[in-house]
Amino acid sequence: MVHTFTALGQYLAADVNSGAVHVLDRMGYDLLSRVEGPMGEKCPQALKEELSQYPAQELDELWEELRGLQEQGLLFSSDDYIDADKAMALPRQAVVKALCLHVSHDCNLRCKYCFASTGDFGTGRKIMDFETAKRAIDWVVKKSGKRRNIEVDFFGGEPLMAMDTVKKTVEYARSLEKEHDKVFRFTITTNGVLLNDENIEYINREMSNVVLSLDGRPGVNDHMRPTVNGKGSYEVIVPKFQKLVAGRGTKDYYARGTFTRENLDFGEDVKHLASLGFRSVSVEPASGPLDDPFAIKEEDLPQVKAEYEKLAGELMGRKDVNFFHFNVDLKQGPCVIKRLRGCGAGCEYVAITPDGDIYPCHQFVGKEEYRMGSVYDGSFDMEISGKFADQNIYTRPACRECWARFYCSGGCSASNLLVNGDISQSNEVACEMERKRLECAIAMKAIAAGMGESGNTSGNYTDCNQCGDCQ
């Protein structure tokens, strides 16, 4: 499969299976977009007649050039990662490598689009005690098997409301590293209201990554993210976030926002976050069922797509902002399992509630039919885990025919359930946005690489990029 498209004034083709991207001229685009499968020795006469605006000799020469790329495995390459019969046989042993630790089911904001029922996930407002957190750490050490690296994300609600539990958990996990040959990497997601000098110093010392929740412009943020008493949060949190980022050095962070139907000009929010000094920025579309007043709908897609392309054009060449959704690696993709399965929710990654209950990920918490077990009795429902392990780009019907499948790895099971009531049925609105973001990202890479009209860059996938994620 070859996907031809235009973005940012470029004519482009992405060879799905090899990962190669080609920058074309208009004639090359018009020709290749009409070729439906592997190219034979000669350009068909019917295509020459259809493209009669171009000289026949030039079409023949172009055909030969494209056939040369095909012979190199960079066009119409075969999908030889795994055959359909093996798609259901990917590892299902549920070696857990990551926890989303819900240390707080309470929050000091009342965000209007919140998927977590303004912080309590429908389970009642509560804080995780250290005993539960300790059991969660013991559980993941055991469930991680021989895997050395373990990720723990302190989540909520607002995790700073449970800072005592956070600190004791980090200290306890660190105490186990040498004995069990493990390395813990901690992340915290915060709305910033409770940040102070002590917390900032602690987070910058102990957290490998931090996610800072901020929606962008003051009016947008304060409309969607008011405090409990209905006041705006922007003026309270921005100076604290700026101080935290100033002290992080080279450590990772993201200023992470959400855009809804009420701010489809979200590119302005991305630029505003950059103007505040936040280099790493992620602004995500709100997702929800058809009756959700904030979720992006099908009728919003033309405006959303136009905004992504406008934003991509405005961010070209800027070094002061790194927009998460415009990051794409054309030189070497992730390992095979990641390309096929994605995030690993329910099998490699789980969420644990303040009561110690285990769910496939944070977006399934509170859905009793997806409760997988408890850190208190050691139970873990392998049937549920198996259903998630079986979700991949070959078992999801819409993914099998999608050109973007090796980039998005099948999308989000929680989003699928929310919109379609089935973790296997793709949320097409989310898919359309993902495809457009990828087109913009690929075009930006092509322009930045200066490949020129006849250029190409190989993105050939390999079995491992040595990221250490599976170790």
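We number each residue from 1, following the sequence as shown.
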### Whether His325 and Phe323 hold their rings parallel, tilted or perpendicular, with breakpoints at 30° and 60°
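Perpendicular, since the angle between the ring planes exceeds 60°.
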### Task
Indicate the ring-plane relationship of Tyr394 and Phe406, choosing parallel, tilted or perpendicular according to the 30° and 60° boundaries.
perpendicular
Main chain of [Y], side chain of [X]: is a donor-acceptor contact present, judged purely on distance under 3.5 Å?
{"X": "Lys251", "Y": "Asn204", "answer": "yes"}
{"X": "Ser77", "Y": "Leu74", "answer": "no"}
{"X": "Asn221", "Y": "Asp215", "answer": "yes"}
{"X": "Asn427", "Y": "Val419", "answer": "no"}

Are there more than 12 heavy atoms of other residues, nucleotides or ligands under 6.0 Å from atom [atom1] of [X]?
{"X": "Phe324", "atom1": "CZ", "value": "no"}
{"X": "Glu41", "atom1": "CD", "value": "no"}
{"X": "Lys42", "atom1": "NZ", "value": "no"}

### Task
May I ask you to test the His105-Met161 pair for a side-chain heavy-atom distance under 4.5 Å?
no
### Task
Decide if the gap between the ring center of Tyr234 and the ring center of His272 is smaller than 6.0 angstrom.
yes
#### Entry: Ring centers of His362, Phe121 separated by less than 6.0 Å
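No - the distance between ring centres of His362 and Phe121 does not fall below the 6.0 Å cut-off.
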### Task
Quick one: do Arg396 and Ser413 satisfy side-chain hydrogen bond (donor to acceptor under 3.5 Å, both in side chains)? Show the steps, please.
CA-CA 10 Å; Arg396 284 178 163 145; Ser413 293; 2.4 Å; yes
### Message
As a test of understanding, state which of Asn17, Val35, Leu69 forms a side chain to side chain contact (heavy atoms under 4.5 Å, CB included) with Leu75.
### Response
Leu69
#### Entry: Audit row: Lys231, Asp222, salt bridge (Lys or Arg N to Asp or Glu O under 4.0 Å) steps and yes/no
CA-CA 7 Å; Lys231 294 182 178 180; Asp222 288 350; over 6 Å; no
### Task
Locate the shortest heavy-atom distance separating Ala351 from Cys361; write the atom from each residue and the value.
CB-C, 3.5 Å
